[in-house]
Amino acid sequence: MKQVVIRTMSGITKINKAMVWVIGTLIAFVSILLFFDVLMRYFFNAPTVWAFDLSTWSTGIIAFGLGGYALAMGHHVRVDVFFENYSRKQKSVVDLVGMALLFVMAVTLIWVGMDYVIHYYQVGAMSSGGMEMPLWIQWLIVPIGGALIGLQGLVRSINNIHIIVTGEDLYNAEEGR
Amino acid sequence: MDIGVIAIILFGSLFLFLFLGVQVSFAMGGISIIMGLIFWDGFSSLDGFVLGSYEHATQSILTALPLYIFMAAVLMYSDLAEDMYEVIYRWFGGIRGGLAAGTSVVSAVFASMVGVVSVATAALGMVARPSMLKRGYDDKLTLGVIMAGGVLGVLIPPSIVMIVYASESGESAGALFMAGILPGILAAILFIIYSLVLCFIKPEKGPNIEVGHRFTWAEKFWSLKGIILPAVVIFLVLGSIYLGVATPTEAGAVGAAGALFAAGTRKKLNMENIKSIFLMTARLSGMIFWILIGAVAYARIVAVTGVGDWLAGMITETGFNRWIILILILLFFLILGMFIDTVAVLLITAPLFLPVLTALDFNMIWFGILFCIAVCIGNLTPPFGVSLFIMKGVAGDLNIRSIYAAVWPFIFLLLLLLIIIILIPEIALLLPALMMD
Amino acid sequence: DEAAEEAEEETYTLTYHSSYPPSEYEWEPKYQAQERFMELVEERTDGRVTFDVYYSDQLFGQDESADALARGTIDIQNTSPSYWVERIPEGAIASLPYWNMGEEHTRHLLRETEVGALYEEALEDYGVKPLTFWSSSTTGYMSTSPIAEVEDMEGMVMNIVSNLTIDFNQSMGSGVASLPAAEQYEGLLRGTIDAMQFPYYTLDTYNFVEVVDYLSVPTLNPALGMVAISESTWEELPEDIQAIMQETALEMEKDAMEGSQRYTREIFDLAEEEGTEFVPMSEEEFDELEQISQEKIWRNFASMNERTEEMVETLLVENEKWIEENPEADNYMDQYLD
Ligand code: NA
Ligand code: NA
């Protein structure tokens, strides 16, 4: 049982850590394409029509898609004026409060976001930024991003509870064990 | 429920959670959703959160954010940034605080072009801090100079904040741009003077190179080859904006592509560096966007519960002397700017404040500049400010207390600037007047 | 009876969310559509209806406001049909070049013909109900080099707001860009873009007059705004309040027409004072441009769905009818031609 839980926690963390490669590649790719678009406009008066859509869509993917990674690595900023003096268990308790607030956000993004994906699919909404891309595809990252960070929050919560009960890490996502 | 009670719950809960040590993003986002469920029509407020988050994350000016962060990461991990600082050091290292002054100039120029505070602070924090620390500079001075330089983009044109103010007030964006130039330069000069004086008095804050160890002219000129590639990247970014080849947003892509090219030329694009570049970009982008998602939700709740209006109404209804009202309004921006984005404060309060200020016969271009300085300060004031949180994300090794301590001198310098512009409006109004002739 | 009495005592606070800042002048059309509308409704319902107003899209973006309205997160939205075309493509009718002949005709098409009925149907399918259509001056090309004929478009970078115009611009040899409104000022100033098609009142409200050198006349179409209410909110209101709101909304629609015409005069005066040059067209050149726009933009619009196809067919018929009934309308564009 314990091993299954740890393996699940590790699996979720690995997915979020893999997002670095997915999104890093995306950013590099978008930089080069937008640079190309600028050149085409300035020198040939022939900008691409999809540059605007591509850049806003990819920014959505970057924004929502990296929340889980930042959480796995403990990079979400906190005011640590008092926090740094807490004991390990106290820190875990406060972190659980943070995870509860995160779940409120994540569940909302998953539930309402998915609702919009379905809605845009049904009405056939199309982006007007030049790409003729269905809006539901652009919106998919909202529930996916919510799920990525929500699941990572679950991993963190389980570990926090384990720390509160036993004083030990069960699975520390930052260190990957 | 009484609006005063709502205000106390809204601000009190944020204070509580943040000081407890809850992550900034989750505290702001979670509180906003819960408050929305209670005070804004129940479940339909959830649509407000999701629609607003998506709109904010995909708004076109923020597409610049990951691009500039990526550019800065490439410059950093291919040692291009370091080479550039080596040049500044060889040339100006003889002066105590010379690198801090140089960073102020670099920050002001870069921030002014990029114009989005979060972007400038993240990029400069990554590039400038390691190089300054390596040369013995005090971390407190380093952090302060970077954060302060990063906000100047609001004041030095082009500025999105000014465009928003222009459309709210009906004033000319062009005149506001002109009006911001001298106060912006004055701010940068104040930062430079502070750094130089501080390091003169306390040499350990920003040591100069000892006389016997100074670089020869040959070494100075030889070092210039190190600046060629980074200079090309910087020229690409600033030049493409200035010459109208690219918008400030697109220039992020130009800079990133240029940095990739430069790093490739230096043969620095190995797997290890690419991994570091991706990790840095992902970490900062993820963290900043989620803070922004939380912050925009919180600003919406302040608006929709009527708390913002209520507070603003208390000022406009006092019937005090016009100067007292002006100062109260600026104080209001400064205080509310501690909690939420000051541009959001402007949108919430503009319908109340702007007609009052116009009726009191204040010059609204001048007030626009005062507002922009208030925006700069609001980003920097502890305990909450986007610049502070981003700096904390960049300098993950530090606690927030050191960041708070670092920023105070610069807040006072900006307050000094605010007072100077209030007393001598000509500093702001000279250039717009010349432009009109 | 008691129930009716209770309904009469019930008060309603409606959230009025606007894409625009508060109005500057009392004569401008937007003032009728937002401030004066709210004032009159509050007055005429004896305070049973009050408004909670948010300007400048404070709560959501202009595009997303369609969903917020449809789901009842807000009650009323003042916006432009063009902001909602991703979700309600029929609204692109208002962006078709030369689709009508002035404010009267816009109102006629939207209120008295099948064209407007079809658009209203589309809005209602989405869960929103239009209250007021308000023209606000006119839309046209604003540029940094003159556009007097089709050939002038060659080599220009045109900032567009609609996908429908991509091949239209490309066929004339201009490149298209999609800078957001906040970047257009800088874009024209630095030459990132050379021209844009946008409402002329933004010469004043966004101060574009400072960076625009040429105004092309003939204009493309009236700038159209719209106040819409959430269907779910509407259904909750008692009939007498519905009647008051609808009546007031239509009254504002008529009052706004005069303001729209005045806005055009004021804007043209402003442009002239600031040294912006007016560029008229010859009749032949205008006819050519009109024809290309119909072949490209109108056709693209018609091919979006069955309803837009029907809208274009009806529009062509209705425009002919309008000229038959109002012979002077045929001269509508003459004021702008060489
Ligand atoms: Na700027
Ligand atoms: Na602050």
Side-chain angles (χ1 to χ4, degrees), chain A residues 19-21 23-25 27-28 30-38 42 51-52 55-60 62-71 73 75-84 86 91 94-95 97-105 108-109 111-113 116 138-139 142 149, chain B residues 17-27 29-31 33-34 46-47 49-50 53-54 57-60 62-63 65-67 70-71 240 245-246 249-250 252-254 256-257 260 274 277-279 281-283 285-287 289-294 383-384 389-390 392-393 396 399-401:
Chain A
M19 290 305 284
V20 171
W21 293 97
I23 290 179
T25 313
I27 296 175
V30 168
S31 301
I32 291 164
L33 282 178
L34 284 183
F35 177 57
F36 171 75
D37 178 62
V38 168
Y42 192 74
F52 185 77
S55 57
T56 53
W57 177 38
S58 59
T59 307
I62 294 161
F64 289 100
L66 286 173
Y69 167 71
L71 186 61
M73 299 306 292
H75 286 322
H76 286 289
V77 171
R78 59 172 108 238
V79 177
D80 54 12
V81 176
F82 302 113
F83 190 83
E84 59 181 359
Y86 296 161
K91 281 182 180 168
V94 170
D95 205 63
V97 175
M99 290 308 101
L101 291 165
L102 164 66
F103 289 141
V104 172
M105 290 171 85
T108 308
L109 290 174
W111 174 34
V112 182
Y116 276 110
Q138 300 197 347
W139 266 74
V142 177
I149 199 171
Chain B
F17 282 132
L18 287 187
F19 274 117
L20 203 58
V22 169
Q23 290 89 341
V24 175
S25 160
F26 310 151
I31 289 173
I33 294 176
I34 295 166
L46 299 181
D47 287 85
F49 172 73
V50 174
S53 303
Y54 184 83
T58 59
Q59 65 170 303
S60 57
L62 279 187
T63 58
L65 182 67
L67 298 174
F70 181 61
M71 177 192 83
S240 64
V245 179
T249 305
E250 293 165 339
V254 174
L260 279 176
I274 291 175
I277 290 166
F278 280 7
L279 285 174
T281 310
R283 162 185 162 179
S285 302
M287 176 210 101
F289 270 115
W290 279 76
I291 288 185
L292 295 177
I293 289 171
F384 316 128
F389 295 145
I390 289 175
K392 169 100 166 76
N399 60 19
I400 197 98
R401 227 189 281 259

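Here is how names work: the chains are called A, B, and so on, in the same order as the sequence lines, proteins then strands, and each is numbered from 1. Basis for what follows: all heavy atoms, side chains included, without hydrogens, waters or symmetry-related copies.
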task: Would you please name every residue forming a ring-ring contact (aromatic ring centres under 6.0 Å, His included) with A:Y86, sequence neighbours left out?
output: A:F83
Side chain, backbone, both or neither: which part of [X] has a non-hydrogen atom closer than 4.5 Å to chain B?
X: A:Y42; value: side chain
X: A:L102; value: both
X: A:A63; value: both
X: A:W111; value: side chain

What part of [X] gets within 4.5 angstrom of chain A, counting heavy atoms only: side chain, backbone, both, or neither?
X: B:F278; value: both
X: B:I293; value: side chain
X: B:S240; value: neither
X: B:F49; value: side chain

Give the minimum heavy-atom separation between [X] and [Y], together with the two atoms involved.
X: A:V79; Y: B:F384; value: CG2-CE2, 4.4 Å
X: A:V38; Y: B:A246; value: CG1-CB, 4.0 Å
X: A:I62; Y: B:S285; value: CG2-CB, 3.9 Å
X: B:A282; Y: A:V20; value: CB-CG2, 3.9 Å
X: A:S31; Y: B:F70; value: OG-CD2, 3.8 Å

Side chains of [X] and [Y]: does their closest heavy-atom pair fall under 4.5 Å?
X: B:L67; Y: A:L34; result: yes
X: A:H75; Y: B:Q23; result: no
X: B:T58; Y: A:F64; result: no

query: Between the side chain of B:R401 and the main-chain N/O of A:V81, is any donor-acceptor distance below 3.5 Å?
result: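 Confirmed, B:R401 side chain pairs with A:V81 backbone.
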Look at [options] and state which one has the largest set of heavy-atom pairs under 4.5 Å with chain A.
options: B:A256, B:G252, B:G29; answer: B:G29
options: B:L260, B:L46, B:V245, B:V24; answer: B:V245
options: B:I400, B:I291, B:L65, B:I31; answer: B:I400
options: B:S53, B:A253, B:G393, B:G286; answer: B:A253
options: B:I390, B:V254, B:I34, B:T281; answer: B:V254

Contact winner vs chain B - [options], heavy-atom pairs under 4.5 Å:
options: A:T25, A:L71, A:V30, A:I32; answer: A:T25
options: A:G113, A:A28, A:A51; answer: A:A28
options: A:W21, A:F52, A:W57, A:F36; answer: A:W21
options: A:D80, A:I27, A:V94, A:L109; answer: A:D80

field: Ring geometry between B:F26 and A:H76 (parallel below 30°, tilted from 30 to 60°, perpendicular above 60°)
entry: tilted
task: May I have the step-by-step check of side-chain contact (heavy atoms from CB on, under 4.5 Å) for B:F17 and A:L101, ending in yes or no?
output: CA-CA 10 Å; B:F17 282 132; A:L101 291 165; 4.1 Å; yes
message: Applying side-chain contact (heavy atoms from CB on, under 4.5 Å) to A:M105 and B:S25, what does each step give before you reach the verdict?
response: CA-CA 10 Å; A:M105 290 171 85; B:S25 160; 4.1 Å; yes
